[in-house]
Amino acid sequence: MAVLNRKSVLDMIKEFRRNWHTFCNSERTTVCGADSMLLALQLSMAENNKQYSGEFTVSLSDVLLTWKYLLHEKLNLPVENMKVIDHYENIRKIYDDFLKNSNMLDMIDVYKKCNVLTSNYENYANISPSQLWDFLSGRQYAVDDETDFSEPVSPMSKHNQDNEKVQLLAKKIIYSYLNLLVNSKNDLALAHILNIPDRGLGREAFTDLKHAAREKQMSIFLVATSFIRTIELGGKGYAPSPSDPLRTHIKGLSNFINFIDKLDEILGEIPNPSIAGGRILSVIKMQLIKGQNSRDPFYKAVEEVAQDLDLRIKSIINSQQGDLALSTTDISPARPKSHAINHGTAYCGRDTVKTLLVLLDEEAASAPTKNKAELLYDDENTIHHNGTSILTLFRRCKFICWKTNNWNKFWKCSSGQK
C-alpha cells in the first residue's frame with residue numbers, strides 16, 4: 001500500500017475548508033493535528049482518572065495504548081484483539097467534548113466529514129483508513145529513522161539537538177498565538193502562550209482562569225477578556241467581587257489581553273492579508289524577543305521562524321490569487337454569501353483569517369512528534385521560559401470538568417467535593 005503523503009492530507013483539509021459551512025458553525029474552526037490530538041487525549045485520560053481515582057495524572061504507557069485504540073476505533077479499523085483501557089467510553093466523551101468546546105476538529109473528524117461529500121471526491125479518494133492511521137501514529141516515519149541509539153551523542157550533535165528544540169519551541173509559540181487569534185476558544189493554544197513571555201501568569205493564574213471558565217462555561221480566553229473589560233469599565237456596578245481570585249492577576253491578564261487586542265486591531269484594520277500577516281508576525285516577534293540578547297538561541301530562532309512564516313504567507317496569497325484568476329475567468333464578481341460574514345469572522349479581516357487558516361492547516365498536517373514522552377511530559381521543553389508541560393499546567397486545577405449534562409457532578413467538582 002502506498003504511503004500517505006502530506007499533500008494528500010492537505011488536499012483533504014482544503015476540501016473541508018471549501019465546504020466548512022456544511023460541517024460546522026464557524027469558519028474559524030481549527031484542525032487538530034496528531035500532536036494536539038495526543039495532548040487532548042492525555043488531558044482527557046487524566047480527567048477520567050481524576051473522576052474515578054482522585055488523581056489528575058496518567059502514565060505514558062496508558063496514553064500510548066489508548067492512542068492506538070482511539071485511532072483504530074475512530075477510523076473503524078479492527079479492534080477485536082486490542083487491549084482497551086478501563087472507562088474508555090468516558091475518556092472518549094471527555095475528548096470529544098474538549099474538542100467541541102475548543103472549536104476544533106481532529107484529523108479523523110475532517111476525514112470522515114470529507115468522505116460524505118459527493119463532489120470533488122477525487123481529491124482525497126486515495127486515502128484509506130489504514131493510511132491515515134499510519135500518518136497520525138507516525139508509523140510511516142519510523143521506517144525512515146535510522147538513528148543508532150547505541151552510538152553516544154557527540155557534543156556537536158547535542159548542540160544541534162538543543163538548537164532544534166529551541167527552533168521547534170519558537171515555532172510552537174508563534175503558531176499558538178496565530179491559532180488563538182483565529183480561534184479564541186482554543187484552550188490548548190492559550191495554555192502554550194499565556195505566560196510566554198513572562199507575564200507573571202504561572203500555574204496559579206492558569207488554575208484560577210480554569211475555575212472561572214468551568215463555572216461560567218466559557219473558554220479561558222473569553223473569561224480573561226471579560227474580566228479585564230469589566231475592570232476597565234470600572235464603577236460599582238461593574239467591578240468584580242473583591243474576593244475574585246483573578247484580581248491577583250490583573251496586571252498579567254491585562255498585558256496578555258491588550259496584546260491580543262493589538263493583533264486583532266491589525267487583523268481588522270489592514271485589508272491586505274499580506275501586509276496584515278507580516279505585521280502580526282512582526283508584533284509577535286518583537287514581543288517574544290523584547291529585552292533578550294540578540295545572540296540568544298531563542299532570539300535567533302524566533303526571528304528565523306517569523307521570517308519563514310512571513311514568506312509562507314506571501315506564497316499562500318500568491319497561490320490563492322492565481323487559483324482565483326483561473327477559476328473566475330469571464331465570470332463577474334459575486335457578492336459574499338451571508339454565512340461567510342455572520343459566523344464569527346469580521347469581513348474586513350476575513351481574507352487574512354483565511355490565509356492564517358491555511359498556514360495553521362499546513363502545521364496540523366505536519367508529521368507527529370517522534371518523542372512522545374517529551375511532547376507529553378517534558379517540563380523543561382520551554383528552556384528559557386520556565387514553562388511546564390500541558391498536563392502539569394492543567395493538573396493544578398482543582399477540577400477539570402468539561403461541559404457535561406451532569407450538573408450534580410459539576411457542582412461537587414466546583415465545591416471541592418470528590
Side-chain angles (χ1 to χ4, degrees), residues 1-24 26-41 64-82 92 95-96 99-100 102-145 175 179 182-183 188 312 315-316 319-320 323 326-327 354-370 372 375:
M1 183 180 293
V3 173
L4 177 62
N5 58 49
R6 187 165 176 260
K7 182 180 182 303
S8 297
V9 176
L10 285 172
D11 286 342
M12 177 185 74
I13 299 177
K14 288 177 183 177
E15 193 65 28
F16 161 72
R17 291 294 175 201
R18 282 191 287 267
N19 296 273
W20 69 268
H21 51 279
T22 66
F23 296 139
C24 53
S26 172
E27 187 175 26
R28 295 191 180 205
T29 298
T30 46
V31 177
C32 193
D35 285 352
S36 294
M37 288 173 67
L38 191 55
L39 285 168
L41 177 64
L64 296 182
L65 175 68
T66 307
W67 173 238
K68 183 177 180 180
Y69 189 90
L70 175 75
L71 295 182
H72 275 76
E73 188 252 341
K74 289 198 71 171
L75 287 166
N76 296 318
L77 293 170
V79 296
E80 289 79 7
N81 298 320
M82 295 182 63
R92 173 67 191 275
Y95 173 85
D96 290 340
L99 293 188
K100 180 180 179 181
S102 298
N103 193 26
M104 293 193 291
L105 290 174
D106 72 21
M107 198 74 75
I108 299 177
D109 291 331
V110 172
Y111 173 70
K112 287 182 173 180
K113 290 180 183 299
C114 285
N115 274 337
V116 304
L117 295 174
T118 56
S119 62
N120 297 322
Y121 184 79
E122 66 275 5
N123 284 343
Y124 51 86
N126 60 331
I127 299 179
S128 70
S130 58
Q131 285 177 317
L132 188 55
W133 182 87
D134 284 344
F135 185 86
L136 292 173
S137 64
R139 185 175 179 180
Q140 71 184 62
Y141 303 101
V143 297
D144 298 325
D145 187 2
Y175 267 111
N179 213 315
V182 169
N183 175 15
L188 274 181
R312 184 59 199 142
S315 176
I316 290 170
S319 176
Q320 290 174 337
D323 292 341
L326 289 174
S327 63
K354 289 174 66 176
T355 301
L356 294 178
L357 280 169
V358 173
L359 196 66
L360 294 171
D361 289 344
E362 291 179 349
E363 177 64 10
S366 297
T369 298
K370 293 180 181 179
K372 307 302 184 188
L375 171 69

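The NZ atom of K113 sits 12.5 Å away from the CE atom of M12 when rounded to the nearest 0.5 Å. Distance check: L356 CG to N179 CG gives 10.0 Å after rounding to the nearest 0.5 Å. Rounding to the nearest 0.5 Å places CD of E27 at 12.5 Å from CG of N183. Atoms CD and NE2, from E80 and H72 in turn, are 10.0 Å apart once rounded to the nearest 0.5 Å. One finds the CG atom of D35 at 10.5 Å from the CE atom of M37 (value rounded to the nearest 0.5 Å). Taking OG of S26 as the start and CG of N103 as the end, the distance is 4.5 Å to the nearest 0.5 Å.
The local environment of NZ in K100 is sparse, with at most 12 non-hydrogen atoms from other residues, nucleotides or ligands closer than 6.0 Å. Residue K112 qualifies as enclosed at atom NZ: its count of foreign heavy atoms under 6.0 Å is above 12. Around atom NZ of K74, more than 12 heavy atoms belonging to other residues, nucleotides or ligands sit under 6.0 Å away.
Put simply, the side chain of I316 reaches to within 4.5 Å of the side chain of R312, judged on heavy atoms. The closest side-chain heavy-atom distance from L360 to V31 is not below 4.5 Å. Side-chain contact between M82 and E73 is absent, with no heavy-atom pair separated by less than 4.5 Å. Side-chain contact between D109 and F23 is absent, with no heavy-atom pair separated by less than 4.5 Å. In this structure, the side chains of F16 and D361 stay at 4.5 Å or more apart for every pair of heavy atoms. Residues D106 and Y95 have side chains in contact (heavy-atom distance under 4.5 Å, counting atoms from C-beta outward). Proximity of L99 to C32: side-chain heavy atoms (C-beta onward) are separated by under 4.5 Å at one or more points.
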D11 vs S8, side-chain hydrogen bond (donor to acceptor under 3.5 Å, both in side chains): CA-CA, chis, key distance, verdict: CA-CA 5 Å; D11 286 342; S8 297; 5.4 Å; no
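Closest non-hydrogen pair, V110 versus I13, comes out as CG1-CA, 4.4 Å. Among all heavy-atom pairs drawn from S137 and P368, the shortest one is C-CG, 4.3 Å. Heavy-atom minimum distance, T30 versus R17: CA-NH2, 3.9 Å. Across all non-hydrogen atoms, the minimal contact from Q320 to K354 is NE2-O, 4.4 Å. Across all their heavy atoms, W67 and L136 have their closest contact at CZ2-O, 3.6 Å. Shortest non-hydrogen contact noted between W133 and L71 is CD1-CB, 3.3 Å.
Proximity of a side-chain donor or acceptor of R92 to a complementary backbone N or O of L70 within less than 3.5 Å is not detected. Checked by atom type and distance alone, the side chain of S366 pairs as donor or acceptor with a backbone atom of E363 at under 3.5 Å.
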